[in-house]
Amino acid sequence: MRQKLVAGNWKMNGSKASIKELLNGIKQGIGDVQSAEVAVCPPFVYLGEVEAQLSGTPIVWGAQNLSTEEKGAFTGEVAASMINDFGCKYVIVGHSERRSLYGEDDALVAKKYSVARAAGLKPILCIGETLEEREKGVTNDVVARQIAAVIELEGVAALADGVIAYEPVWAIGTGKTASPEQAQEVHKFIREQIAAQDASVAQKVQILYGGSMNAANAAELLAQEDIDGGLIGGASLKAEDFLTICRAAG
Ligand code: 13P
C-alpha cells in the first residue's frame with residue numbers, strides 16, 4: 001500500500017501574519033489525519049518561519065522550485081543546499097506555471113529533478129497537458145514525454161526517489177476539476193508507462209492529482225486506485241479546507 005501524500009502548494013501567496021495563522025490552524029487539526037503525510041510548500045522567504053513552526057510536528061515542508069546550480073553568481077536563484085538547510089523534505093519541479101510563464105522545458109525540469117535528488121530532496125515532478133492538448137487527444141503523449149525526460153537523464157529507478165503530480169493545466173486554478181474517472185485514466189496510464197520499464201518502481205511511486213482539488217471533491221478523487229494524494233493550490237491556503245482534504249486522504 002502506498003502512503004497518501006497531501007501537499008499544499010502555496011504558490012506566491014501569504015504574509016508573515018497569514019502564514020502564522022494558517023500553520024496554527026493546520027497544526028491544531030493535524031491529529032485527526034490518520035495515515036496520510038501532510039506537506040506545505042511556502043514561498044522561499046517563509047521557509048525559515050515554516051521550519052520554526054513545524055519542527056517537531058508530523059507536518060513536513062518543501063520548496064516550490066530550485067536552481068540547477070550549486071552556488072555562485074546566479075542572482076535571485078536558490079540552491080538545493082539552501083533548501084536542505086531549512087529542513088525541507090520536498091521540492092516541486094516543473095510546475096506548469098514554471099513551464100508556461102518561465103519557459104522551463106522538459107530538459108531543464110529533468111535537470112532540476114536530478115539536482116534535487118542528488119541533494120537528498122524528494123522532487124515532486126509536475127506533469128500535465130493543456131486544454132488544447134487534451135482536445136487534440138494527445139494527453140498520454142504529453143505526460144509520457146514529460147516523464148521520459150527524467151528517465152532519460154536519471155534512469156527509471158530515480159522515479160522511486162520522488163513523487164509525480166499529474167496536474168492537467170486546464171484544471172489548475174480554474175475550478176474545473178478532472179473527473180475522478182478522467183484523472184484515474186491518466187494516473188493508470190502513467191503507472192503503466194513506468195511499469196513497462198520497471199514494475200517495482202511503478203508500484204512504489206506516489207502519483208498525486210492536482211488541479212482544483214478541494215474539500216468537496218477530494219474524497220472521490222482520492223478513492224481512485226492510482227491516485228495517491230493531492231497537490232493543492234487554492235484550497236491549501238485555508239486551514240479547514242486543507243485539513244478536510246488531508247482527512248479524506250486517510
Ligand atoms: P489549484 O488547486 O489552485 O487549482 O492549484 C493546483 C496546483 O497548481 C497545485 O500545484
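For ligands, and for the atoms within them, numbers begin at 1 and follow the listed sequence.
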Worksheet entry | Lys/Arg N to Asp/Glu carboxylate O, Lys111 vs Glu104, below 4.0 Å | no

Worksheet item: For ligand 1, which part of Asn9 has a heavy atom less than 4.0 Å away: the side chain, the backbone, both, or neither?
Response: side chain

Item to complete: Report the member of Gly230, Gly173, Gly233 with the shortest heavy-atom distance to atom 4 (O) of ligand 1.
Response: Gly173

Fill in: atom 3 (O) of ligand 1: the protein heavy-atom neighbour that sits closest, reported with distance to 0.1 Å
Gly234 N, 2.8 Å

Worksheet entry | ligand 1 atoms in contact with His95 (distance to a heavy atom under 4.0 Å) | 7 (C), 8 (O), 9 (C), 10 (O)

Discussion item. Regarding Glu154 and Arg117, does a basic nitrogen lie under 4.0 Å from an acidic carboxylate oxygen?
Written reply: yes

Item to complete: Look at the rings of Tyr166 and His187 and say which category their plane angle falls in: under 30° parallel, 30 to 60° tilted, over 60° perpendicular.
Response: perpendicular

Worksheet item: Counting from 1, what ligand 1 atoms have a heavy atom of Ser212 closer than 4.0 Å?
Response: 1 (P), 2 (O), 4 (O)

Worksheet item: Under 6.0 Å from the CD atom of Glu220, do we count more than 12 heavy atoms belonging to anything else shown?
Response: no

Fill in: Sub-3.5 Å N/O-N/O distance, Gly211 and ligand 1
no

Discussion item. Taking distance alone, with N or O pairs closer than 3.5 Å, would you say Glu167 contacts ligand 1?
Written reply: yes

Fill in: Those residues that, when tested against Asp198, pass salt bridge (charged side-chain N to carboxylate O under 4.0 Å, His left out) (two or more places apart)
none

Fill in: Modelled atom types, side-chain donor and acceptor of Thr130 and Glu133, under 3.5 Å
yes

Fill in: Check: Lys11 N/O within less than 3.5 Å of ligand 1 N/O
yes

Discussion item. Using a 4.0 Å heavy-atom cut-off, which part of Ala171 comes near ligand 1: side chain, backbone, both, or neither?
Written reply: backbone

Discussion item. Keeping Gln206 on the side-chain end and Gln3 on the backbone end, is there a donor-acceptor pair under 3.5 Å?
Written reply: yes

